[in-house]
Number of protein chains: 2
Amino acid sequence: MTKYESIAAVIKQRIQDNVYQTGTLLPNQSDLASEFGVSRMTINKAINILTMEGFVSSQRGFGTKILNHPLWNKDVSPVNEYRGLSFQMAEQHRQIKSQIISFEVAFPEKKIQERLMLTPQQPVYQIVRLRIVDDDPFILEHTIMPVDLIPNLTDDILKESIYHYIQFDLGLQIAGAYRNIQATRADEFDIKYLQCQPTDPVLEVEQVAYLKNGRPFEYSHSRNRFDKRGYTELDMRN
Amino acid sequence: MTKYESIAAVIKQRIQDNVYQTGTLLPNQSDLASEFGVSRMTINKAINILTMEGFVSSQRGFGTKILNHPLWNKDVSPVNEYRGLSFQMAEQHRQIKSQIISFEVAFPEKKIQERLMLTPQQPVYQIVRLRIVDDDPFILEHTIMPVDLIPNLTDDILKESIYHYIQFDLGLQIAGAYRNIQATRADEFDIKYLQCQPTDPVLEVEQVAYLKNGRPFEYSHSRNRFDKRGYTELDMRN
DNA sequence: AAGTGGTCTAGACCACCGG
DNA sequence: CGGTGGTCTAGACCACTTA
């Protein structure tokens, strides 16, 4: 935990406790620097975090205003992105179960080779999981990962959290992801496992996720029941 | 244009010109600082930009690797977000036309009052536009904006770019937006204007956009033909 | 052990906003 | 005009990777 992260956390807490009130201005950066006993650049970095998370908005020559937007909830925050669905659901006190539909190893097709930067001889895991939240089918996930990068996957890991395994057990650092979100028609799999009607729309999130070392480690299609889940994001800049 | 933005642009150009080659490491930050005659913190900020845009990825103790991911194209870059659809399409040399379906003023309903933080007596514009790209119906946009914040809207502005008007003519600064993306069924409007079939899915992007001063200035629903357009994003962190 | 990027300092200058 | 946040410097220390 760096200084600017700690300070951001403290200020955030003050906003939530109404020590700093919505619609008013934060103390200026110099005063905050004095209070926390750090340089102003460190305060600036802390405020940048709060900006990205939508808590405040700064204007040069004016100050930093405290925002309050009722429709933002925790799972919107970009912070929670890479802890995986398991973590998100736990935080909302919702029960998640993962049913393994299939779990195989194969050589990658051409399209997968391109997306995951693989040769035809590098095997991949092909995983299909049904994520069930509070006993309702929620998301059907088709996931492909290179075996050499994510070795020793087991049923137990798949039933828990792959993301936890990658970051904590393998110690790999996630850089981010490319996503494409589409509306499509339900296919046979969706009808069978998500219990969709044949005429139902499906929200499909196609994702390629990357490690810090530049290698893509996941290519996935998440198919979401249209009446159960949307994709939500908060996109704030300086 | 700040120093770190200029430097980021130069390095980006070198990557695109293969002066710095994909898969190799960037010169270290101290060397770059010497070369550009700036302090290392400035180089660090420049590299942060390139990281967010997906060009490089840094690892402490190792270096900054140059990435190249074939599926990323310009309209994925977060930079182009707030120049509006008109600008994006122009960059891709695609022709965009906007047909005004309706353009009215009214008092806001309860839900709109909440989203846009308005009293019942503050009037709003209610705009419905059909965006036509290369002569095909593309997106049906339902937009609501407070009259006091975005005054003097005209048909001419609506046919061009509202975002250009807000930023350049009114001089307002955009902070960001909250979005929720869903798959839904086509409704009567979609069938009539997007020329959907009644059984077609529709990709709906609900958005509340905010100014730096904290006020929401736009509540919109963009309804996209499912076979014409997806929502794409690149989400990279440090 | 040598080299890397991440953080942090204590200043400074400047662009911008408000009255 | 005074006060604000954005940028920038020339150092420094530290965490981390690779060998």
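Any value given below was found using the heavy atoms of this structure, including those in side chains, with hydrogens, waters and symmetry copies removed. Proteins get letters first, then strands, A, B, ... in listed order; numbering begins at 1 in each.
- The distance between atom NZ of B:Lys65 and atom C1' of C:dT4, rounded to the nearest whole Å, is 14 Å.
- When the side-chain nitrogen and oxygen atoms of A:Lys45 are compared with OP1 and OP2 of C:dC8, none of them lie within a distance under 4.0 Å.
- The salt bridge (charged side-chain N to carboxylate O under 4.0 Å, His left out) test applied to B:Glu204 returns B:Arg223, not counting sequence neighbours.
- Remark: A:Phe217 engages no residue in a ring pair (Phe, Tyr, Trp, His ring centres under 6.0 Å) (not counting sequence neighbours).
- Rounded to an integer number of Å, the gap from CG of A:Leu32 to P of D:dT4 is 11 Å.
- At the phosphate of D:dG3, neither OP1 nor OP2 sits under 4.0 Å from any side-chain N or O atom of A:Asn28.
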Can you give me the N/O atom pairs linking the protein to nucleotides 9-13 of chain D at distances under 3.5 Å, or say none if there are none?
from: D:dT9; atom 1: OP1; to: B:Lys3; atom 2: NZ; distance (Å): 3.2
from: D:dT9; atom 1: OP2; to: B:Ser39; atom 2: N; distance (Å): 2.8
from: D:dT9; atom 1: OP2; to: B:Ser39; atom 2: OG; distance (Å): 3.2
from: D:dT9; atom 1: OP2; to: B:Thr42; atom 2: OG1; distance (Å): 2.4
from: D:dA12; atom 1: N6; to: B:Arg40; atom 2: NH2; distance (Å): 3.4

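- In this structure, the side chain of A:Ser57 engages the main chain of B:Lys212 through a donor-acceptor pair within 3.5 Å.
- Residues meeting the salt bridge (charged side-chain N to carboxylate O under 4.0 Å, His left out) test with B:Arg60, sequence neighbours left out: none.
- If you check C:dC17, C:dC16, C:dT4 against the side chain of A:Phe62, the one that comes closest is C:dC17.
- Atom CD of A:Gln29 and atom C1' of C:dC8 are 15 Å apart (whole Å).
- Close to C:dG6, at under 4.0 Å from its OP1 or OP2, lies no side-chain N or O of B:Gln59.
- Close to C:dC8, at under 4.0 Å from its OP1 or OP2, lies no side-chain N or O of A:Tyr4.
- Between B:Gln173 atom CD and C:dC17 atom P there is a gap of 7 Å when expressed in whole angstrom units.
- Residue pairs that meet the salt bridge (Lys or Arg N to Asp or Glu O under 4.0 Å) test with at least one member in residues 150-174 of chain B, sequence neighbours left out, do not exist here.
- Partners of B:Phe103 according to the ring pair (Phe, Tyr, Trp, His ring centres under 6.0 Å) rule, which considers only residues two or more places apart in sequence or in another chain, are B:Tyr125.
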